Protein chains: 2
Amino acid sequence: MPAPLISHDEVVDRLCQVFQRLGYDGASLAELSRGTGLGKSSLYHYFPNGKEEMALAVLRRAHTWVEQHAVAPLTGEGSPKERLERMLKAVDSLYAGGKNPCVLGNLVVGAARHLYQRQLRSTFSTWIEGLERLGLEAGLSRRTARERAEDVVLQIEGALILCGGLDDPTSFRRVLRKITKEFLASE
Amino acid sequence: MPAPLISHDEVVDRLCQVFQRLGYDGASLAELSRGTGLGKSSLYHYFPNGKEEMALAVLRRAHTWVEQHAVAPLTGEGSPKERLERMLKAVDSLYAGGKNPCVLGNLVVGAARHLYQRQLRSTFSTWIEGLERLGLEAGLSRRTARERAEDVVLQIEGALILCGGLDDPTSFRRVLRKITKEFLASE
DNA sequence: GTCTATAATAGGATAGAC
DNA sequence: GTCTATCCTATTATAGAC
C-alpha cells in the first residue's frame with residue numbers, strides 16, 4: 001500500500017485552482033488530473049462521486065477559507081480598521097492582486113449554480129455577516145452595516161470579473177483601497 | 001427553399017439566453033438547439049464555425065446592446081442624472097431586476113475568457129468610457145470620472161454574481177439606486 | 001494508493017435527403 | 001432552411017493489475 005504522494009488537503013487545493021481557472025463545466029477530468037498530478041482513478045479513490053464531489057470539497061475548502069481568513073480576522077485584536085485591513089490583505093493575496101478569478105464567482109455560472117446553491121449562499125452569507133458584525137461594532141446602523149457588508153463582497157467579486165474581462169488587474173487593487181476608506185466611514 | 005422560421009436576430013437573441021444561463025462551456029449544442037428551437041444542422045447553417053461563432057455573434061449583440069441601451073442614453077436629452085437613470089432602467093430591465101445573470105460576466109469564465117478576451121475588453125471599455133464621458137460632462141475630475149465609471153460596471157457585475165450566489169435579487173436593485181445617488185455626487 | 005485499459009455516454013461537427 | 005442519420009472525439013466513469 002504505497003503512501004499517498006500528496007496529502008488530501010493538497011489535492012483539494014490543487015482542484016480548487018483548476019475550478020478557479022476553468023469553472024465547473026470547463027473543468028474536465030483530464031484537467032483535474034493534470035492539475036493534481038494524479039491519475040483519474042486516484043481522483044476517484046479520493047472522491048467516489050467524481051467531479052461533483054470534487055467541487056463540493058472545493059466549496060467546503062472555500063467556506064473554511066472565508067471563516068479563517070476573511071471572517072476570523074475581523075474579530076481579532078486591533079481597531080476595526082486594522083481588522084478590516086487584515087481581511088483585505090488576505091483577499092489581495094488569495095486573488096493575486098486581481099489576477100486570479102474567484103472560485104466562488106466561477107461556480108455561480110452554469111450547472112454548478114443549482115448544484116451548489118446552498119453552499120454558495122452559505123459561504124457568501126458567512127462572509128457578509130462577518131463584515132456586518134464589524135460594522136455594527138464600529139457604530140454603524142444595522143441597515144448601513146448590512147448594506148456596506150454586501151457592497152464589500154459584491155465589489156470584490158465584480159472587480160474580479162471586470163479585471164478578467166479587461167485583462168488588467170488595476171481596478172481590483174483600487175477597490176480594495178476604496179473599501180478600506182469607505183466601509184467604516186461615518187454615515 | 002422554405003422560409004426561415006425565425007429571423008437571424010431572433011436566433012442570436014435565443015442563443016444569448018442560453019449562454020447567459022449556462023456560460024460557454026456549459027452551453028452544449030443540444031441546449032443551444034433546444035433554446036433556439038432549431039436543429040443542430042440549422043445552427044450550422046447560420047454559424048458554419050459552430051459554437052465558437054455562435055458565442056461571437058452573441059458577444060457582438062451584447063456590444064451593440066451596450067452601445068445602444070447603455071452608452072447612447074448617456075448622451076441624449078435631459079440632465080446627466082436623467083440620462084444616467086435611463087441607462088440604469090435599461091440595465092434593470094435586461095437583468096430582470098437581478099434575477100438574470102450577465103452574459104458578459106459568464107463569458108469571462110472558462111474557455112471563453114481567452115477565446116473572447118478582445119471582445120470582452122472592448123465591450124467593457126465601451127461601457128466604462130461612456131460613463132466616464134458623462135462624469136466629465138457633469139464636472140467630475142478625469143480621475144474621479146474614470147474610477148466611478150469603473151465602479152458602476154463592476155458593482156453591476158458583482159451584484160449579479162452575489163444575487164446568483166444568494167439566490168436573492170435584493171441587492172441588485174439597491175446597487176442600482178446607490179449608483180443613481182453616488183455617481184454624480186460632488187467630489 | 002496509483003496505474004493502464006476500457007466501457008459508456010455526451011459533445012461537437014458533417015453528409016445528404018427534402 | 002431544416003431535418004435525420006451518422007461520425008469522431010472527448011468526457012465521465014469503472015475494472016482490475018500492481
Side-chain angles (χ1 to χ4, degrees), chain A residues 1-59 106-107 109-116, chain B residues 1-59 61 103 106-107 109-116:
Chain A
M1 197 185 290
L5 298 185
I6 54 176
S7 71
H8 190 277
D9 274 9
E10 179 65 23
V11 172
V12 178
D13 275 347
R14 296 186 187 182
L15 290 175
C16 192
Q17 290 173 20
V18 179
F19 284 113
Q20 185 173 54
R21 189 161 46 86
L22 301 172
Y24 185 76
D25 297 307
S28 67
L29 268 312
E31 281 299 320
L32 265 357
S33 174
R34 256 182 24 93
T36 53
L38 263 38
K40 295 181 191 183
S41 299
S42 299
L43 287 175
Y44 275 92
H45 172 77
Y46 285 109
F47 309 99
N49 283 325
K51 182 165 135 172
E52 199 171 319
E53 191 176 351
M54 297 180 212
L56 197 57
V58 163
L59 281 167
N106 276 8
L107 290 178
V109 172
R113 175 161 178 173
H114 298 287
L115 274 172
Y116 305 109
Chain B
M1 196 185 290
L5 300 184
I6 53 177
S7 72
H8 190 277
D9 274 10
E10 179 64 24
V11 172
V12 177
D13 275 347
R14 297 187 186 181
L15 290 174
C16 191
Q17 290 173 21
V18 178
F19 283 113
Q20 185 174 53
R21 188 161 47 86
L22 299 172
Y24 185 76
D25 297 308
S28 66
L29 268 306
E31 282 297 321
L32 264 357
S33 176
R34 255 183 25 93
T36 53
L38 262 38
K40 293 182 191 181
S41 299
S42 299
L43 287 175
Y44 274 91
H45 172 77
Y46 284 109
F47 309 99
N49 283 325
K51 180 165 139 173
E52 202 171 317
E53 192 176 349
M54 296 180 212
L56 198 56
V58 163
L59 281 167
R61 169 66 51 91
V103 70
N106 276 7
L107 291 177
V109 172
R113 175 163 177 170
H114 297 288
L115 274 173
Y116 305 109

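These numbers come from a predicted model, not from an experiment. To find a chain, count down the sequence lines: A is the first, B the second, and so on, and within it residues start at 1.
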TODO: For DNA chain D, produce a single dot-bracket line, 5' to 3'. Pairs: Watson-Crick or G-U wobble, both distances under 3.5 Å. Symbols: ( ) within strand, [ ] crossing, | other strand, . unpaired.
DONE: |||||||.||||||||||

TODO: Indicate whether OP1 or OP2 belonging to C:dG1 is found under 4.0 Å from a side-chain N or O atom of A:His45.
DONE: yes

- [ ] Apply ring pair (Phe, Tyr, Trp, His ring centres under 6.0 Å) to B:Tyr116 and list each qualifying residue two or more places apart in sequence or on a separate chain.
- [x] B:Tyr24

Open item on the list: Going by the rule salt bridge (Lys or Arg N to Asp or Glu O under 4.0 Å), which residues pair with A:Arg113 if we only count those two or more places apart in sequence or in a different chain?
Closed with: none

Open item on the list: Strictly under 4.0 angstrom, non-hydrogen atoms only: write out the protein contact profile of nucleotides 11-18 of chain C, one letter per nucleotide from the 5' end, B, S or -.
Closed with: SBBBB---

- [ ] Examine distances only and state if a side-chain atom of B:Asn106 and a backbone atom of A:Val109 form a donor-acceptor pair shorter than 3.5 Å.
- [x] no

- [ ] Measure from CG on B:Leu38 to P on D:dT4 and round the result to the nearest Å.
- [x] 12 Å

Open item on the list: Please report the distance, rounded to the nearest Å, between CZ in B:Arg34 and C1' in D:dT2.
Closed with: 19 Å

Open item on the list: Please list all pairs meeting salt bridge (Lys or Arg N to Asp or Glu O under 4.0 Å) that have one or both residues in residues 6-20 of chain B, counting only residues at least two apart or in different chains.
Closed with: B:Asp9-B:Arg61, B:Glu10-B:Arg14, B:Asp13-B:Arg61

Open item on the list: I'd like to know whether A:Leu59 forms a side chain to side chain contact (heavy atoms under 4.5 Å, CB included) with A:Leu107, so could you lay out the CA-CA distance, the side-chain angles of the two residues, the decisive distance to 0.1 Å, and finally the verdict.
Closed with: CA-CA 9 Å; A:Leu59 281 167; A:Leu107 290 178; 3.8 Å; yes

Task: B:Gln20 to B:Val103 - nearest heavy-atom pair and separation - done: N-CG2, 3.9 Å

- [ ] Given side chain to side chain contact (heavy atoms under 4.5 Å, CB included), test B:Lys51 with B:Phe19 step by step and report yes or no.
- [x] CA-CA 10 Å; B:Lys51 180 165 139 173; B:Phe19 283 113; 4.3 Å; yes

Table please: side-chain donor-acceptor pairs of residues 27-38 of chain A below 3.5 Å, with sequence neighbours left out.
from    : atom 1 : to      : atom 2 : distance (Å)
A:Ser28 : OG     : A:Glu31 : N      : 3.2
A:Ser33 : OG     : A:Leu38 : O      : 2.5
A:Thr36 : OG1    : A:Leu32 : O      : 2.8
A:Thr36 : OG1    : A:Ser33 : O      : 3.1
A:Thr36 : OG1    : A:Leu38 : N      : 3.2

